[in-house]
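My questions all concern the structure below.
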Amino acid sequence: MQGLAESIGPGLVFTVLFTLTTDLQVSLIAALAVSAVFTAVRLVSRTPVTQALAGLVGVAFCAFVALRTGNAEDFFLPGFFINGAYIVAMVASVGFRWPFAGLLFGFIRNEGIEWRKAPARVRAYSTATWIIVAVLALRLVVQVPLYLVGNVAALGSTRVAMGLPLYALGLWLAWIVSRPAPAVSEGSSASGPAAPKG
């Protein structure tokens, strides 16, 4: 829950404040403040700060871009390039037969990289990777037109809705699709139970 709040909090605060006030500077400061508070909470509670610090740096960069251009919608612009870079990297991973889903799920499932020796597993992880790519591409399809028309309220709302929750759904579907086939126990028979005699 804390990670989810850190993911959507700054963008949501920026969107709401800018929609209500149309004051770019105040909205950016508020978004930075929210991200800084999340980082401080992790420092105080002595929990890992990597995610919060990365979020703070990301929000600071987005704020810098928007402040330099003077356009509120540019707060979301760096995210499009990051999203696009992920798409390119994942498509390349499928092309090189090192699908991203396999690298992610293989270690969780204790497969390591042994799955690469089984063509069926490579295909399964490639399909799972395409599911994640589809989620990322859907973000761009929906959000880029909103950016181009400068609709900050709609852009911010869809950014929240299509952020971590949608990505988590994509990962879950990828996990389901790439599940290994259940192992057949030694005592089982492909022909099923023997017919009774007599």
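Bear in mind the structure is a predicted one, so any value in this text is a computation, not a measurement.
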#### Entry: Residues forming a side-chain contact (heavy atoms from CB on, under 4.5 Å) with Ala128, sequence neighbours excluded
Ala101, Ala174, Ser178
### Query
Shortest non-hydrogen contact from Asn151 to Ala154?
OD1-N, 3.1 Å
#### Entry: Within residues 13-36 or reaching into it, pairs that qualify as side-chain hydrogen bond (donor to acceptor under 3.5 Å, both in side chains) - sequence neighbours excluded
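Not a single pair qualifies under side-chain hydrogen bond (donor to acceptor under 3.5 Å, both in side chains).
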### Query
Does some side-chain heavy atom of Ile113 sit less than 4.5 Å from a side-chain heavy atom of Trp98?
yes
### Query
If two hydrophobic side chains count as joined below 4.5 Å and joins carry through other members, does Val34 share a cluster with Val59?
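They do not share one cluster, since no chain of ILVMFWY contacts under 4.5 Å joins Val34 to Val59.
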### Task
Treating Ile, Leu, Val, Met, Phe, Trp and Tyr as nodes and any side-chain heavy-atom pair under 4.5 angstrom as an edge, say whether Leu148 and Met162 lie in one connected cluster.
yes
### Gap separating the OG1 atom of Thr127 from the CD1 atom of Ile132, nearest 0.5 angstrom
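It comes to 11.5 Å.
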#### Entry: Side-chain heavy-atom pair Leu24, Phe14 within 4.5 angstrom cut-off
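The answer is yes, as the side chains (C-beta and beyond) meet within the 4.5 Å cut-off.
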### Query
So Tyr125 and Phe105, would you call those rings parallel, tilted or perpendicular, with 30° and 60° as cut-offs?
tilted
### Query
With hydrophobic residues grouped by side-chain heavy-atom distances under 4.5 Å, do Leu171 and Ile82 end up in a single group?
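Yes.
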### Message
Test side chain to side chain contact (heavy atoms under 4.5 Å, CB included) on Ile87 and Leu140; report intermediate values, then the result.
### Response
CA-CA 10 Å; Ile87 290 174; Leu140 295 181; 3.8 Å; yes
### Query
Of all heavy-atom pairs between Gly170 and Val135, which one has the smallest distance, and what is that distance?
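Minimum heavy-atom contact is CA-CG2, 3.9 Å.
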### Task
Using a 4.5 Å cut-off on heavy atoms from C-beta on, say whether the side chain of Phe18 contacts that of Val26.
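They are not in contact (no side-chain heavy atoms under 4.5 Å apart), so the answer is no.
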#### Entry: Residue pairs involving residues 69-78 (criterion salt bridge (Lys or Arg N to Asp or Glu O under 4.0 Å); sequence neighbours excluded)
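The answer is none; no pair qualifies.
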### Message
Tell me every residue that passes side-chain contact (heavy atoms from CB on, under 4.5 Å) with Thr39, counting only those two or more places apart in sequence or in another chain.
### Response
Leu43, Ala52, Leu53, Leu56
### Query
Between Thr129 and Pro99, which heavy-atom pair has the shortest distance, and what is it?
OG1-CB, 3.4 Å
### Task
Mind jotting down which residue pairs meet the salt bridge (Lys or Arg N to Asp or Glu O under 4.0 Å) criterion with at least one end in residues 92-112? Sequence neighbours excluded, please.
Glu111-Arg121
### Query
Same hydrophobic cluster for Met90 and Leu169, using side-chain heavy-atom links shorter than 4.5 Å among ILVMFWY?
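As far as the 4.5 Å side-chain criterion goes, Leu169 and Met90 are connected within one cluster.
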### Residue pairs passing the side-chain hydrogen bond (donor to acceptor under 3.5 Å, both in side chains) test where at least one lies in residues 83-94, sequence neighbours excluded
Asn83-Arg139
### Message
To check you understand the geometry: which heavy-atom pair defines the closest contact between Pro165 and Ala161, and what is its length?
### Response
CB-O, 4.3 Å
### Task
Report the residue from Ile108, Ile131, Leu104 that forms a side-chain contact (heavy atoms from CB on, under 4.5 Å) with Trp175.
Ile108
### Message
Give me each pair satisfying ring-ring contact (aromatic ring centres under 6.0 Å, His included) with a member in residues 145-173, each pair once, sequence neighbours excluded.
### Response
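Passing the test, one end in residues 145-173: Phe80-Tyr147.
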## Note on the structure
Sorted by chain and residue number, the ring pair (Phe, Tyr, Trp, His ring centres under 6.0 Å) partners of Trp130 (sequence neighbours excluded) come out as none
### Message
Are Val57 and Phe61 packed together at the side-chain level, in the sense that at least one heavy-atom pair is separated by less than 4.5 angstrom?
### Response
no
## Note on the structure
By side-chain contact (heavy atoms from CB on, under 4.5 Å), Leu67 pairs with (sequence neighbours left out) Leu28
#### Entry: Phe75 and Val65: CA distance, side-chain angles, deciding distance, side chain to side chain contact (heavy atoms under 4.5 Å, CB included) verdict
CA-CA 6 Å; Phe75 179 79; Val65 172; over 6 Å; no
### Query
Would a hydrophobic clustering, with Ile, Leu, Val, Met, Phe, Trp and Tyr connected at side-chain separations under 4.5 Å, put Phe76 with Phe64?
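Hydrophobic grouping puts Phe76 apart from Phe64.
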### Task
Please name the pair of heavy atoms, one in Gln143 and one in Leu155, separated by the smallest distance, quoted to 0.1 Å.
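Reported closest heavy-atom pair: O-CD1, 3.6 Å.
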### Query
Can you name the residues that form a side-chain contact (heavy atoms from CB on, under 4.5 Å) with Val37, not counting sequence neighbours?
Val41
